[in-house]
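When reading the values below, keep in mind they use all heavy atoms of this one structure, side chains included, and skip hydrogens, waters and symmetry mates. For the single chain, residues carry numbers from 1 onward in sequence order.
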Amino acid sequence: MKTPFHKGELIVQNRAKEAEIGLRNSGAISDSIPKGALQFIGQQAFVVIGSMDSDGNVWTSILVGEPGFVFAKDERTVVLNIKQSLSSLTDPFWHNIKGNKDVGMLLIELSSRRRLRTNGSINYLDESTLEINVKQAYPNCPKYIQRRHLQQLGAVRSMPNEDIHHGEFLTEKQKSLIANADTFFIASTNPDHGVDASHRGGQAGFVKILSNQVIQIPDYAGNSMFNTLGNIAVYPQVGLAFIDFQNSRVLQLTGR
């Protein structure tokens, strides 16, 4: 049978002895957005986007806005209004997409535990509008998603860039955030096949801190397609994003 998977995904599926299950589940993958998901996209208040910088590092970014700041124009096109979104102008995403158009996008509604992955290429329509041309889309099951009801606090405003911190080692506060997290997001890529963004969840503490530069993440049973691990098998760079929901902060990590 024809497979939609690249070499890395097939390697991991065979290693896990789940290639047949993965192939059966691949029927959910499409080159366009399912009609039933078009309205879902426009209802979302935040979107997770994976991108790659000019040095080959992968990043996961979180864009937030009032529902409607991102919407599906049709089954192959997603539009994102920049001026209606909340994100630091220093987020790597804004620089990355100028040099590499490939992006992976995850739309996730924590209150209903629904999610949709759409991968494709991104372009500026004008200074306030981005358009994502969808190459691959599919829904995921609600497994491991922690239910949350998010509240929008006032109108979208610009983020104070002076509150940005960079480093190569995890601080004690950052370690604590990771150690107590029950949710994070991961972006990965096979440069020949594009970028992918995905969700990971578990009980608080499921991510272990091994040192100030190494964390350990379990991989739970899923759809057996192994999109993330398949990308890592051929290109080990990934980007992670942990959200501190209580304090409205995001920790972005990139590494191998």
Side-chain angles (χ1 to χ4, degrees), residues 1-38 40-41 47-53 56-61 72 75-78 96-97 100-108 113-122 132-145 184-202 217-241 254-256:
M1 294 178 63
K2 184 179 179 180
T3 176
F5 303 116
H6 61 66
K7 178 181 177 181
E9 292 164 328
L10 293 173
I11 288 173
V12 179
Q13 290 171 14
N14 287 316
R15 186 181 302 168
K17 297 180 173 58
E18 295 185 28
E20 290 186 12
I21 301 174
L23 186 58
R24 288 202 299 269
N25 289 336
S26 70
I29 301 174
S30 174
D31 61 359
S32 60
I33 301 167
K35 289 185 178 179
L38 296 175
F40 170 79
I41 294 174
V47 58
V48 180
I49 300 186
S51 61
M52 186 164 63
D53 68 22
N57 299 307
V58 180
W59 293 89
T60 301
S61 302
E75 295 173 20
R76 293 180 179 270
T77 313
V78 176
N96 294 352
I97 59 174
N100 188 326
K101 303 299 184 183
D102 288 337
V103 295
M105 184 167 61
L106 172 69
L107 296 127
I108 184 167
R113 300 172 66 225
R114 293 186 295 166
R115 54 180 161 168
L116 174 73
R117 288 158 77 164
T118 60
N119 304 334
S121 59
I122 196 165
I132 298 101
N133 298 308
V134 176
K135 297 179 181 177
Q136 189 179 67
Y138 62 97
N140 284 143
C141 73
K143 192 180 292 185
Y144 311 120
I145 298 178
F184 75 93
F185 303 97
I186 179 169
S188 60
T189 185
N190 178 333
D192 294 328
H193 293 267
V195 181
D196 180 77
S198 184
H199 160 275
R200 290 292 185 274
I217 303 162
D219 194 72
Y220 298 139
N223 57 23
S224 301
M225 291 193 280
F226 295 109
N227 305 118
T228 300
L229 289 182
N231 286 342
I232 292 171
V234 296
Y235 193 85
Q237 301 296 128
V238 297
L240 310 181
T254 188
R256 180 182 178 90

Smallest heavy-atom separation, Thr189 atom then Met52 atom, equals CG2-SD, 3.9 Å
Stepwise side chain to side chain contact (heavy atoms under 4.5 Å, CB included) check, Thr60 with Leu240: CA-CA 6 Å; Thr60 301; Leu240 310 181; 5.5 Å; no
Backbone N/O of Gly56 and side chain of Tyr235: donor-acceptor pair under 3.5 Å: yes
What is the distance from atom CZ of Phe5 to atom CD1 of Ile29, rounded to the nearest 0.5 Å? 5.0 Å
Counting only N and O atoms by type, is there a donor-acceptor contact under 3.5 Å from the side chain of Lys101 to the main-chain atoms of Ile97? yes
side-chain contact (heavy atoms from CB on, under 4.5 Å) test vs Val12 passes for just one of Asn227, Asp219, Leu229, Ile232, namely Leu229
Heavy atoms of Gly104 and Ala197 approach each other most closely as O-CB, 3.5 Å
Atom pair CD/OG1 of Glu9 and Thr228 - distance to nearest 0.5 Å: 9.0 Å
Please find the pair of heavy atoms, one from His6 and one from Gly230, that lie closest to each other, and give the distance. CE1-O, 3.5 Å
Could you grab the distance from atom CG of Asp102 to atom NE2 of His193, nearest 0.5 Å is fine? 11.5 Å
Between Phe226 and Glu18, is the side chain to side chain contact (heavy atoms under 4.5 Å, CB included) condition met? List the steps. CA-CA 9 Å; Phe226 295 109; Glu18 295 185 28; 4.0 Å; yes
How far apart are the C-alpha atoms of Gln237 and Asp53, what are their side-chain angles, what is the distance that settles it, and do they pass the side chain to side chain contact (heavy atoms under 4.5 Å, CB included) test? CA-CA 11 Å; Gln237 301 296 128; Asp53 68 22; over 6 Å; no
Minimum-distance pair of heavy atoms, taken over all atoms of Val195 and Ser51: CG1-N, 4.0 Å
Any side-chain heavy-atom pair from Leu23 and Pro4 closer than 4.5 angstrom? yes
Correct closest heavy-atom pair for Ala137 and Val134 would be CB-CG1, 4.1 Å
First locate atom CG of Asn119, then atom CG of Leu106, and finally report the distance between them rounded to the nearest 0.5 Å. 9.5 Å
Please round to the nearest 0.5 Å and tell me the distance separating atom NE2 of His199 and atom CG of Leu107. 13.5 Å
Stepwise, does the side chain to side chain contact (heavy atoms under 4.5 Å, CB included) test hold for Val78 with Ile33? CA-CA 9 Å; Val78 176; Ile33 301 167; 3.7 Å; yes
To check you understand the geometry: which heavy-atom pair defines the closest contact between Phe40 and Leu116, and what is its length? CE2-CB, 4.1 Å
Can you measure from CD1 (Ile108) to CZ (Arg114) and round to the nearest 0.5 angstrom? 11.5 Å
